[in-house]
K.L.:
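Below is a structure I'd like to ask you about.
In each ligand, atom 1 is the first atom listed, and ligand 1 is the first ligand listed. One-based numbering along the sequence shown. Predicted model, so just to flag it, every value in this text is computed and none were measured.
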Amino acid sequence: MLWLFAGGITSLVGAAHTHHRHGDLVERIMHNKRPSSESIPDSNGTNSAQGTSNPSLAKGDVCPGANGTSYTSDANIPYQVICNIDFQGHDFPFQHVGSFEGCVQKCDAWNYINHHVQCIAALYVPYREDDADDCYLKSDISDPSDSPYPIQAAIRLTEQGVAASDTSASFSQPATSAESSETSLATASATLDTATMTSAISETAISATATATAAAATSATATSAAPSASESTAPNGSEPGVTYASGNEVIVPQVQTTHLQGPSQNTPSTQYVAYEAPSGITLANSLLMVGVNGDLSTGYDISLETGILEVNVSTRSLLKSLTDTPHLSRDGGQGGYINGEHLFIFCDTGSYSTTTSSSDGKFLGFTSSSVAIDSGMNGLQGQALNLVDGIGEWSDDVGRMRGFIPFTEGEQAYNLKMQGAGQRYAIWPESSIIPLDATSGIMFAPIVYDNVNQDTKAAVFTYTGATLVTVTAGGKAGPIATRTVKKIFDQDEVEWGCAGGIRSWGPSGIGGDDGKVYIFGNMQGGILLGRTNPADIADRTSFEYWNGGDDWTNTTPTSSSQNFFASGRFMDINVFYSPRHLTFIIVYLTVYADSTFYYRYLKADNGILPPFAPGGDRSSDYVENLYKYDWSDEQVLYKAAQGLSGKYIYAGAVHEGYYGSDDITNGGSKMLISWTAPTGKDPSSLVSEYQIITAEVDWV
Ligand SMILES: *[C@@H]1O[C@H](CO)[C@@H](O)[C@H](O)[C@H]1NC(C)=O
Ligand SMILES: *[C@@H]1O[C@H](CO)[C@@H](O)[C@H](O)[C@H]1NC(C)=O
Ligand SMILES: *[C@@H]1O[C@H](CO)[C@@H](O)[C@H](O)[C@H]1NC(C)=O
Ligand SMILES: *[C@@H]1O[C@H](CO)[C@@H](O)[C@H](O)[C@H]1NC(C)=O
């Protein structure tokens with residue numbers, strides 16, 4: 001466990017020489033501007049984009065002629081065309097589509113994958129170079145600005161009868177001033193919020209989109225195994241955006257470039273839920289002893305003083321403003337993608353009062369886990385992340401925290417009494433979230449007993465077992481963690497799942513309920529493998545373990561087992577399938593404290609395809625290949641600069657799926673990594689005790 005390495009070792013690695021990559025939409029357009037002789041032809045054909053049967057639209061057809069008119073997407077979703085207006089920020093992953101209607105299809109597909117409306121505008125930018133991304137999907141259009149460049153935007157309208165003529169009227173009248181144009185756009189955006197809350201998307205319309213998109217993706221990649229027209233129904237939940245390499249050989253993964261994005265900022269939400277938890281239990285003096293007592297985790301209910309509060313019918317009236325902007329200092333943790341949101345998860349988190357460059361904050365409180373979302377998806381534009389902690393995470397108006405993963409009443413009561421003397425239970429979510437289905441993920445988080453020796457001040461961390469946490473996201477309160485099993489694996493067992501795992505999606509595709517869940521056991525010499533069915537995840541007796549040969553056994557391996565599917569001294573582990581390379585890649589830090597991310601790939605005899613991929617074997621479990629082949633030699637993925645303090649980095653994470661269809665896990669070339677860099681500064685200072693730093697890695 002990484003915490004045991006604290007202190008002493010410093011990294012010898014110098015600063016990585018990487019560039020900031022910057023650029024909002026306009027800058028990107030300027031950069032890729034074509035000579036003016038090739039500018040977009042005027043169409044002057046007014047209503048070519050109107051009505052439910054859209055004639056096929058060639059590049060440039062909708063603007064400026066159709067400005068303000070309605071447009072119905074292939075999935076029968078009504079949009080309104082707006083020409084040459086840019087909307088700043090709030091981007092989902094950029095995509096390359098080549099047409100206005102293709103871009104609107106991407107918006108519909110994004111909403112379909114995420115099961116509710118998140119994309120409310122599609123901006124097609126025909127100016128972009130041939131193979132550059134030309135489609136921008138937006139989650140927010142509250143910041144419109146006139147653009148000198150041709151942008152063909154489609155803005156989603158409510159299904160229930162915004163009469164096309166009404167809306168065209170409001171947009172087709174020339175705006176008399178910038179202000180009036182903003183007003184009409186603000187009205188559109190208010191209508192759209194209602195749509196988000198109330199509209200159910202028509203099933204038939206959606207499957208038509210998914211089918212069309214999947215078919216388009218297939219033809220674009222020209223794989224040798226294109227599905228026949230008869231099996232063109234997209235499997236449920238599968239991402240329309242996944243692109244597979246052609247051919248049936250493994251393609252050797254190589255890194256092309258990397259871009260340092262820099263240290264993330266924390267921006268707490270401005271509201272909290274003013275819920276006063278009933279005071280918890282009091283433990284008998286005989287239980288307030290130094291030493292591990294596993295019953296405190298297993299024998300008590302979940303504490304109402306901890307964990308994220310939902311914003312729902314019964315708590316909505318309790319929403320109040322935070323009076324301060326709390327300062328946070330935190331480390332560790334990885335993250336994951338759930339229900340359309342990218343989560344960044346942390347271990348020990350201290351709250352401080354508002355901190356400025358000239359005045360340090362006052363310590364307010366401490367939790368062992370917290371969670372945030374990168375608001376605006378800044379990493380997509382090469383910028384440092386803006387991490388927003390959710391409304392449901394705070395326990396008071398100045399920013400003390402309830403924490404992400406709840407404690408039991410036993411753990412909480414013990415901590416309240418004993419923490420001041422140096423003893424506490426911590427729950428540290430150290431690994432990436434393992435996706436479970438379309439809307440939830442799981443984590444196996446170690447429950448650690450932390451005992452500070454009052455003479456030497458040295459902390460001694462004892463692993464006491466793992467709790468199974470189910471994570472959901474997408475609500476107003478922020479991501480929510482539930483302890484599905486208070487302790488699923490015990491103190492003397494392999495630390496199953498605490499180093500993460502991998503979802504083996506079944507024939508129904510990404511987000512489906514079939515397939516298997518694999519979990520890792522990270523040992524001194526390598527990684528063990530266990531697995532179960534997704535529906536049985538909470539039943540520890542349902543797990544089977546790879547026996548080192550061709551078989552699986554229900555007998556749990558002992559802590560001396562050597563049945564490693566990958567050998568080495570790993571610290572933070574992410575294993576994922578890469579459709580671009582038709583094989584698996586493992587990205588990790590080692591225990592050798594060199595501030596370096598490494599990778600290896602699985603040297604399979606042939607390219608590996610999941611059962612839901614075009615040409616994939618529907619009866620195969622593609623993740624079983626992990627133990628069937630050798631792993632390549634270790635390669636350097638990214639050398640991080642050591643922390644400001646000169647200490648090595650840790651908590652190395654891959655944020656799978658962050659770049660959408662451009663992401664390495666969806667067949668694209670990009671990957672977001674993050675790590676913790678100790679600063680050597682006081683946690684109450686503006687720079688904090690730790691920085692959470694991100695970088696983009698671009699594969700060949
Ligand atoms: C389109 O209309 C504009 C303004 O009315 C006019 O200047 C232009 O010549 C027209 N273009 C075509 C191709 O008809
Ligand atoms: C399209 O209509 C909007 C709203 O009326 C207006 O602000 C914008 O300038 C128009 N675009 C063009 C190219 O005429
Ligand atoms: C896909 O979803 C539909 C509707 O929910 C369901 O009827 C169908 O059985 C599902 N198909 C698969 C392959 O899971
Ligand atoms: C509303 O949220 C609170 C706080 O998370 C929770 O305790 C309660 O069960 C929720 N109520 C409903 C009706 O979902």
K.L.:
Mind checking whether Tyr337 and His342 have parallel, tilted or perpendicular rings, split at 30° and 60°?
P.N.:
tilted
K.L.:
Heavy-atom distances under 4.0 Å are what count here, so tell me which part of Leu309 touches ligand 4: side chain, backbone, both or neither.
P.N.:
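It is both parts that get close, each with some atom under 4.0 Å.
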K.L.:
Please write down residue, atom name and distance for the protein heavy atom closest to atom 4 (C) of ligand 4.
P.N.:
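Atom 4 (C) of ligand 4 sits closest to the protein heavy atom Glu310 N, 3.6 Å.
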K.L.:
So, Glu411 and Lys486, do they make that salt bridge, N to O below 4.0 Å?
P.N.:
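Salt bridge between Glu411 and Lys486, a charged N being under 4.0 Å from a carboxylate O: no.
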K.L.:
For ligand 2, which atoms, with element, lie under 4.0 Å from some heavy atom of Cys83?
P.N.:
1 (C), 8 (C), 10 (C), 11 (N), 12 (C), 13 (C)
K.L.:
Look at atom 14 (O) of ligand 4 and say which protein heavy atom is nearest, naming residue and atom and giving the distance to 0.1 Å.
P.N.:
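The protein heavy atom lying closest is Asn312 ND2, 3.2 Å.
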K.L.:
Could you check Trp394 against Ser269 for side-chain hydrogen bond (donor to acceptor under 3.5 Å, both in side chains), going step by step and ending with a plain yes or no?
P.N.:
CA-CA 9 Å; Trp394 312 102; Ser269 64; 3.0 Å; yes
K.L.:
Any idea which part of Ile85 is under 4.0 Å from ligand 2, heavy-atom wise: side chain, backbone, both or neither?
P.N.:
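Looking at Ile85 and ligand 2, just side chain atoms fall under 4.0 Å.
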K.L.:
Between Tyr425 and Phe407, is the ring centre distance below 6.0 Å?
P.N.:
no
K.L.:
Name the orientation class of the two ring planes belonging to Phe489 and Phe444 (parallel below 30°, tilted from 30 to 60°, perpendicular beyond 60°).
P.N.:
tilted
K.L.:
Any protein heavy atom lying closer than 4.0 Å to atom 9 (O) of ligand 4?
P.N.:
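No, no protein heavy atom sits under 4.0 Å from atom 9 (O) of ligand 4.
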K.L.:
Using a 3.5 Å cut-off on N or O atoms only, is Asn67 in polar contact with ligand 2?
P.N.:
yes
K.L.:
What closest approach, in Å, do Thr354 and Thr325 show between heavy atoms, and which atom pair accounts for it?
P.N.:
OG1-O, 3.1 Å
